[in-house]
Every structure is written in C-alpha cells, then in structure tokens.
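Take a look at the structure set out below.
Along the sequence shown, residues are numbered consecutively beginning with 1. Every value quoted in this text rests on a predicted model; they were computed, and no experiment measured them. Read the numbers this way: they start at 1 and go in the same order the structure lists the ligands and their atoms. What you see below is based on every heavy atom in this structure, not just the backbone, and it leaves out hydrogens, waters and symmetry mates.
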Amino acid sequence: MDQLVEENLKTVRRQMELACQAARRRIEDIRLLLATKTVPLEKLQMAIQAGETLFGENKAQELRDKFPLMQQYNQVEWHFIGHLQTNKVKDVVKYVTLIHSVDRLKLGQALHQQLVKENKTMDILVQINTSYEESKFGASPETAVELVEQLSLFETLNVKGLMTIGKLNATNDETRHCFRLLKSIQAQIREKKFPRVQMDILSMGMSGDFKVAIEEGATLIRVGTSVFGQRYLPDSYYWNENARRDD
Ligand SMILES: *Cc1c(COP(=O)(O)O)cnc(C)c1O
C-alpha cells in the first residue's frame, strides 16, 4: 500500500513522457499538479517523498486544514483549482500562488478587494467552460476575451493563462475539441495584446485525458485519481449545480 502512490506517480510520469514524445514536446514544458481533494495527508506526504511539489485543492476549507500540516515541506506549492465563492477568497489568497478558476468578474472584484487590503498581488487563470456542460463552472468561450480584458484592469491580478475541464466520459475526439477550443481562445487573447496579460499557461488534462491535453498544448496537467486512487465523494460535490453560481 505504501508504495502505491510512488508507483502510480512513476506510471503517470512515464505516460507524460510518452505523450511528449508522440507530440514532439519537451517534458520540462509541462507541470504536473496533483489534485488532492479528499486525499489524506499520509498520501500527500508519500507524493512529496517521491519528489512532487505542486498540489491543488478545490475547497477553501480543505486547503485551510491541510496547509499548516504541509508547511514543514517548504518546497511545496499550492494552487486553487475549485469553484471559488466570493466569501472564501480571503482564505485562498493566503495560501496559494495561483488560482485556476477565476470565471466571473464578480470574483475578480472580490479578489482585488482582498488583495488591496493585504497589499498583495495574485496570479490567476481564467476558467473556460469549453464543453458547454451546464454542470460545469467556467466562463463561456464567447465571453472569454472580454472577461480577460476586464480582469486585467485589476492591477492586483496577473492573468497568466487559461484553464478548462474537458468533457467527461467523452470520446477522445470530444475532449480534444475542448482542448483545441481553449488553445484557440488563448490565440485570440494573445492577438489582443492586452497590457499585463500573459497567456503562457494552459491548464488542461486530468487522469482520463491528460495525454490528449499534452498533444493539444497543455502546459500544466491536473491529476488526482491516477495517483491517489478513487475518491469517496463524487466530483459533482465539487463541481456542480448545487453551488450557487453567482457566488
Ligand atoms: C479533481 C480534479 C482534477 C483531477 O481529476 P482526476 O480525474 O482525479 O485526475 C483536476 N482538475 C480539477 C478542477 C479537479 O477538481
């Protein structure tokens, strides 16, 4: 059991290498983030022992619980990858170096207000709903360019790129379509040359589809299940319609 996380990591890293070879990309250009929702601390520690440094949480509460216990490993970096409610921004900006899930102006505003108070800046990605599934968060592809421009006007926020969750339980072609759409939105935004906006990070690809994501240009993949095993909570608990959308 103890070796499991380490073994799984080796497998994932190997699959990343193979995907890179197939896509003629360099493995150094792709970061592996470990999605740790519901994952107990012992497993996180195993991943750290195996050399991993980048972790992502979906809920402010879980982040707040895990962060202090992980602080002893000072090479560890946290990102926030889940739906972020405006009343939770305070916790999140305290602990993370990048927020992947900024998908509406109101959230940008709330982040800005908090960051001004703390005299800080924050790197963000704009999350896009490339699968057009009702149950997913993320700005619609049609409003993406405008949203990025609006967010870039908050001087505390550094837009670094885009994030998406590919269509789930879908064919490779359907997921590929999501990732290509994200890549094309990145190109549209680059063309606009908005001041201070960078579009270097494409956060896309999870356990089931990271190979396709690498082929389509991902620079950061987010993997949970393949490393830590099945979760006891369904993803809908983290992703979906039960949460209040405006908030
Ligand atoms: C849980 C989660 C992941 C990882 O999903 P797996 O299928 O377990 O690899 C990636 N991104 C987000 C936003 C997640 O919530």
Select one of side chain, backbone, both or neither to describe which atoms of [X] lie under 4.0 Å from any atom of ligand 1, heavy atoms only.
X    : result
N58  : side chain
H100 : neither
S207 : both

V223 N/O under 3.5 Å from ligand 1 N/O
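Among all N and O atoms of V223, none is under 3.5 Å from an N or O of ligand 1.
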
Is there any N or O on S226 that sits under 3.5 Å from an N or O of ligand 1?
no

Does either side chain, that of [X] or that of [Y], offer a donor lying less than 3.5 Å from an acceptor on the other one?
X    : Y    : answer
R31  : T219 : no
T164 : T130 : yes
Q114 : H112 : no

Hey, does the side chain of R196 reach the backbone of S152 with a donor-acceptor pair shorter than 3.5 angstrom?
yes

pair L54-H79: side-chain heavy atoms closer than 4.5 Å
yes

Closer than 4.0 Å to some heavy atom of [X] - which atoms of ligand 1 meet that?
X    : result
K37  : 1 (C), 2 (C), 3 (C), 14 (C), 15 (O)
R222 : 4 (C), 9 (O), 10 (C), 11 (N), 12 (C), 13 (C)
T225 : 6 (P), 7 (O), 8 (O), 9 (O)

Between G82 and S101, which heavy-atom pair has the shortest distance, and what is it?
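Closest approach of G82 to S101, heavy atoms only: O-OG, 2.6 Å.
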
